[in-house]
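Quick note: residue numbers are just sequence positions, from 1. Basis for what follows: all heavy atoms, side chains included, without hydrogens, waters or symmetry-related copies.
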Amino acid sequence: MNDNLATPERLESECQAHWKQLGLNSPEDVQAYIQAIFDSCNDQSEVMSALYELLFPAWDNIDKINGYPVVGEEFWLFVSRRFIDFDRIHHPRVMPGGAWMNMGFASDKSLAPWEISFTGCNAELIPLAS
């Protein structure tokens, strides 16, 4: 077993535990949390990192993500709309929402509106120093 590879099952388990710890128990809780991310950031990269950290709580220990997490369409659209508004204010010279379309999560209409899937996604962890 490769301890430096986080499987889809491990990623899902860590994400669920993280959300429970954050008190994110409903779509409304998640929406408020995501809105707070946008409200507290001034740059696309800050927002993107915070969104990835929301799904990957071991973010600082990840070397590389293979594949993308997949979210339900409502989740994806909610973030997309926030990015469009954010970019119009903070980055008026870029395509609004472009960073989310290029580097954000994938979307799948077959998932429940706020469901997250890590199927087809894994993370290579930074090796621990010996």
Side-chain angles (χ1 to χ4, degrees):
M1 180 170 158
N2 183 352
D3 290 335
N4 291 333
L5 183 69
T7 64
E9 297 80 15
R10 177 177 170 182
L11 294 172
E12 181 176 341
S13 176
E14 289 177 354
C15 180
Q16 288 173 350
H18 181 59
W19 284 36
K20 185 176 180 179
Q21 180 182 25
L22 293 173
L24 303 178
N25 301 308
S26 70
E28 295 78 20
D29 294 339
V30 177
Q31 290 170 0
Y33 191 90
I34 290 171
Q35 185 61 56
I37 289 171
F38 281 94
D39 292 344
S40 67
C41 294
N42 292 311
D43 187 75
Q44 292 171 332
S45 62
E46 290 176 85
V47 174
M48 198 64 72
S49 290
L51 291 171
Y52 268 89
E53 190 171 343
L54 180 60
L55 269 62
F56 297 90
W59 182 246
D60 292 338
N61 297 322
I62 294 176
D63 186 38
K64 180 181 177 185
I65 297 173
N66 300 305
Y68 291 91
V70 181
V71 297
E73 185 176 30
E74 193 170 326
F75 186 127
W76 193 92
L77 288 171
F78 181 84
V79 175
S80 178
R81 290 179 186 122
R82 297 307 163 291
F83 248 112
I84 289 168
D85 294 343
F86 180 86
D87 286 344
R88 286 187 175 139
I89 294 167
H90 297 281
H91 304 284
R93 292 193 169 110
V94 303
M95 181 179 149
W100 178 245
M101 287 185 276
N102 288 331
M103 298 178 291
F105 313 145
S107 175
D108 186 338
K109 291 180 182 185
S110 70
L111 295 177
W114 288 88
E115 185 178 357
I116 301 166
S117 172
F118 292 95
T119 302
C121 179
N122 64 53
E124 297 175 28
L125 304 176
I126 298 169
L128 297 174
S130 352

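- In this structure, CD on E73 lies 10.5 Å from OG on S80, to the nearest 0.5 angstrom.
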Review item, side-chain donor-acceptor pairs of residues 54-68, under 3.5 Å, at least two apart:
residue	atom	partner	partner atom	Å
N66	ND2	N122	OD1	2.7
N66	ND2	E124	OE2	2.9

Please tabulate, one pair per line, all N/O donor-acceptor pairs under 3.5 Å involving side-chain atoms of residues 86-96, not counting sequence neighbours.
residue	atom	partner	partner atom	Å
D87	OD1	Q44	NE2	3.0
D87	OD2	Q44	NE2	3.3
D87	OD2	G97	N	2.8
H91	NE2	Q44	N	3.3

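- F75 meets the ring pair (Phe, Tyr, Trp, His ring centres under 6.0 Å) test with W114; sequence neighbours excluded.
- Between the CZ atom in F38 and the CZ atom in F83 there is a gap of 4.5 Å [rounded to 0.5 Å].
- For E74, there are no salt bridge (Lys or Arg N to Asp or Glu O under 4.0 Å) partners, not counting sequence neighbours.
- The nearest pair of heavy atoms linking P69 to C121 is N-SG, 3.9 Å.
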Side-chain polar contacts of residues 23-37 - donor-acceptor pairs under 3.5 angstrom, sequence neighbours left out - could you list them?
residue	atom	partner	partner atom	Å
S26	OG	E28	N	3.4
S26	OG	E28	OE1	3.2
S26	OG	D29	N	3.2
S26	OG	D29	OD2	3.3
D29	OD2	N25	N	2.9
D29	OD2	S26	N	3.3
Q35	OE1	R82	NE	2.8
Q35	NE2	D39	OD1	2.9

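- Side-chain contact between Q16 and K20 is absent, with no heavy atoms from C-beta onward closer than 4.5 Å.
- The shortest heavy-atom contact between I116 and C15 is CD1-SG, 4.3 Å.
- Atoms OG and CE, on S49 and M103 in that order, are 9.0 Å from each other to the nearest 0.5 Å.
- Cluster partners of V70, using a side-chain heavy-atom cutoff of under 4.5 Å among ILVMFWY residues and allowing indirect links, are L111.
- Here the straight-line distance linking atom OG1 of T7 with atom CZ of F118 works out to 11.0 Å at 0.5 Å rounding.
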Set out, in order, the CA-CA distance, both residues' side-chain angles and the distance that settles side chain to side chain contact (heavy atoms under 4.5 Å, CB included) for H18 and E14, then state yes or no. CA-CA 6 Å; H18 181 59; E14 289 177 354; over 6 Å; no
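- Under a hydrophobic-cluster definition in which Ile, Leu, Val, Met, Phe, Trp and Tyr are linked whenever side-chain heavy atoms come within less than 4.5 Å, directly or via other members, I84 and V79 are assigned to different clusters.
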